[in-house]
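Have a look at the structure below before the remarks.
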Amino acid sequence: MAKYSRLEVAMAMRESGMIPLFFHSDVELGKKVLRACYSGGARLLEFTSRGDFAHEVFAELNKFALAELPGMIMGVGSITDAGAASLYMQLGANFIVTPVLREDIALVCNRRKVLWSPGCGSLTEIARAEELGCEIVKLFPGSTYGPGFVKAIKGPSPWTDIMPTGGVSTEESNLRGWFEAGVTCVGMGSKLISKEILAQKDFKKLEEDVRKTLDIIKSVRS
């Protein structure tokens with residue numbers, strides 16, 4: 001069962017401005033990634049469900065976060081059907097992120113008052129997601145649309161909260177472009193938690209990169 005309500009998660013996303021994305025089958029390595037992100041100031045993490053037995057890995061990481069990292073909000077991404085969403089919510093997922101707009105996922109998440117963020121690529125999809133109760137829309141793939149798309153749709157739909165994933169990096173110019181266009185937060189995967197960091201197990205660098213990125217986001221917002 002989720003520890004945080006959808007409104008609490010939405011507020012945390014707005015306040016933080018960034019959600020690290022991560023998947024690895026090694027539970028112990030995952031714990032170190034989690035701790036490094038937490039020590040760097042991140043208070044949300046999206047575990048991307050992309051491997052065999054991924055739900056078992058998530059269960060262990062969420063238990064670790066609950067026991068060792070107070071205030072860390074764990075969610076799950078790459079969810080494509082209601083069954084998977086329900087499974088992860090049983091394991092304590094506090095938010096569900098999808099690459100596409102699926103109404104069946106909206107229903108099971110809304111029933112439990114868990115935040116869900118569907119991948120949308122048009123204003124029509126965004127409007128439908130909001131009609132279904134979506135708080136924060138995932139723009140995916142962000143690299144295809146870019147900040148210009150965000151700026152354009154914020155004109156007729158200024159109330160829309162947008163989280164691009166893909167095409168987001170740790171560079172100030174990149175982050176400034178997205179936030180000046182009007183995004184609420186960004187999802188960041190391999191540009192933050194890189195293969196090199198994982199291979200070298202350089203968790204100190206990850207901690208520093210998370211802290212630096214959050215500082216940049218705070219600066220470009222002010």
Side-chain angles (χ1 to χ4, degrees), residues 1-4 9 13 18-40 42-69 72-102 104-106 108-109 112 114-120 138-144 163-170 185-203 205-207 209-210:
M1 182 175 176
K3 180 178 180 180
Y4 300 92
V9 175
M13 288 180 173
M18 182 186 73
I19 304 172
L21 283 60
F22 169 75
F23 172 77
H24 201 283
S25 59
D26 186 327
V27 172
E28 293 307 313
L29 184 145
K31 290 178 180 179
K32 291 173 182 176
V33 167
L34 260 178
R35 189 178 291 280
C37 289
Y38 184 85
S39 298
R43 289 299 178 267
L44 302 115
L45 187 132
E46 176 188 324
F47 177 83
T48 52
S49 179
R50 293 181 178 171
D52 292 340
F53 307 106
H55 65 287
E56 296 179 2
V57 178
F58 173 78
E60 293 304 312
L61 294 182
N62 196 35
K63 290 174 186 176
F64 171 75
L66 289 168
E68 302 289 338
L69 309 175
M72 190 63 161
I73 302 172
M74 293 286 291
V76 181
S78 300
I79 297 299
T80 56
D81 59 77
S86 295
L87 171 62
Y88 277 103
M89 285 189 286
Q90 290 292 333
L91 297 174
N94 295 284
F95 59 93
I96 299 293
V97 182
T98 76
V100 293
L101 174 58
R102 292 275 307 219
D104 60 335
I105 295 176
V108 297
C109 290
R112 293 175 173 86
V114 170
L115 182 140
W116 62 285
S117 183
C120 296
K138 174 182 178 178
L139 180 63
F140 181 78
S143 56
T144 298
M163 174 181 66
T165 300
V168 181
S169 71
T170 58
C185 60
V186 295
M188 198 178 304
S190 60
K191 297 294 185 181
L192 179 68
I193 307 174
S194 67
K195 292 180 180 179
E196 291 75 21
I197 282 176
L198 297 179
Q200 297 170 13
K201 298 184 179 180
D202 193 350
F203 303 112
K205 175 173 170 49
L206 176 57
E207 177 184 336
D209 288 349
V210 169

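Just so it is clear, the values below take in all heavy atoms, side chains as well, and ignore hydrogens, waters and symmetry mates. Residue numbers run from 1 in the order of the sequence given.
- In this structure Lys205 satisfies the side chain to side chain donor-acceptor pair (under 3.5 Å) test together with Asp209, sequence neighbours excluded.
- When all heavy atoms of Arg35 and Phe64 are compared, the pair lying nearest together is NH2-CZ, 3.5 Å.
- Closest heavy-atom contact between Leu206 and Ala36: CD2-CB, 3.9 Å.
- Evaluation of the salt bridge (charged side-chain N to carboxylate O under 4.0 Å, His left out) rule for Lys201 yields no partner, not counting sequence neighbours.
- Between Leu61 and Val57 the shortest side-chain heavy-atom distance falls below 4.5 Å.
- Residues forming a side-chain contact (heavy atoms from CB on, under 4.5 Å) with Lys3 (at least two apart in sequence, or on another chain): Leu66, Asn94.
- Side-chain contact between Met188 and Pro20 is absent, with no heavy atoms from C-beta onward closer than 4.5 Å.
- With sequence neighbours left out, Glu28 forms a salt bridge (charged side-chain N to carboxylate O under 4.0 Å, His left out) with Lys31.
- The CD1 atom of Ile105 sits 6.5 Å away from the OG1 atom of Thr80 when rounded to the nearest 0.5 Å.
- Ile193 approaches Cys37 most closely through the heavy-atom pair CD1-SG, 4.1 Å.
- Considering every non-hydrogen atom in both Lys191 and Ser169, the closest pair reads CB-CA, 4.0 Å.
- For Ser194, the side-chain contact (heavy atoms from CB on, under 4.5 Å) test picks out Glu196, Ile197, with sequence neighbours left out.
- Judged as a salt bridge (charged side-chain N to carboxylate O under 4.0 Å, His left out), and not counting sequence neighbours, the contacts of Lys63 are Glu60.
- For Arg43, there are no salt bridge (charged side-chain N to carboxylate O under 4.0 Å, His left out) partners, not counting sequence neighbours.
- Partners of Gln90 according to the side-chain contact (heavy atoms from CB on, under 4.5 Å) rule, which considers only residues two or more places apart in sequence or in another chain, are Arg112.
- Between Phe140 and Thr165, the shortest heavy-atom contact is CD1-O, 3.4 Å.
- Side-chain atoms of Leu91 and His55, non-hydrogen and from C-beta on, do get closer than 4.5 Å to each other.
- Using a 4.5 Å heavy-atom cutoff, the side chains of Ile19 and Leu45 are not in contact.
- Put simply, CE on Met13 and CZ on Phe95 are 4.5 Å apart, with the number rounded to the nearest 0.5 Å.
- Remark: Phe23 pairs with Phe47 by the ring-ring contact (aromatic ring centres under 6.0 Å, His included) rule, at least two apart or across chains.
- Put simply, CE on Met89 and SG on Cys109 are 4.0 Å apart, with the number rounded to the nearest 0.5 Å.
- Among residues two or more places apart in sequence or in another chain, the side-chain contact (heavy atoms from CB on, under 4.5 Å) test is passed with Thr144 by Pro141.
- Atoms CD1 and OG, from Ile79 and Ser117 in turn, are 12.5 Å apart once rounded to the nearest 0.5 Å.
- In terms of heavy atoms, Ser78 sits closest to Thr48 at OG-CB, 4.0 Å.
- Between Met18 and Val168 there is no side-chain heavy-atom pair separated by less than 4.5 Å.
- A 4.5 Å side-chain heavy-atom check between Val114 and Val9 finds every atom pair outside the cut-off.
- Under the 4.5 Å side-chain criterion, counting only non-hydrogen atoms from C-beta, Glu68 is not in contact with Tyr38.
- Residue pairs that meet the salt bridge (Lys or Arg N to Asp or Glu O under 4.0 Å) test with at least one member in residues 81-102, sequence neighbours left out, are Arg102-Asp104.
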One pair to check against side chain to side chain contact (heavy atoms under 4.5 Å, CB included): Leu115 and Ile96. What are the steps and the verdict? CA-CA 6 Å; Leu115 182 140; Ile96 299 293; over 6 Å; no
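- Asn62 CG to Tyr88 OH: the interatomic distance, rounded to the nearest 0.5 Å, is 11.5 Å.
- Listed by first then second residue, pairs satisfying salt bridge (Lys or Arg N to Asp or Glu O under 4.0 Å) with a partner in residues 44-53 number zero, not counting sequence neighbours.
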Notebook entry, point to check: Could you walk me through whether Tyr4 and Leu44 pass the side chain to side chain contact (heavy atoms under 4.5 Å, CB included) check?
Noted result: CA-CA 11 Å; Tyr4 300 92; Leu44 302 115; over 6 Å; no
Next on the checklist: Run the side chain to side chain contact (heavy atoms under 4.5 Å, CB included) test on Leu21 and Ser190 for me, step by step, so that the C-alpha distance in whole Å, both residues' side-chain angles and the decisive distance to 0.1 Å come before the verdict.
Outcome noted: CA-CA 8 Å; Leu21 283 60; Ser190 60; over 6 Å; no
Phe203 vs Leu29, side chain to side chain contact (heavy atoms under 4.5 Å, CB included): CA-CA, chis, key distance, verdict
CA-CA 10 Å; Phe203 303 112; Leu29 184 145; 4.3 Å; yes
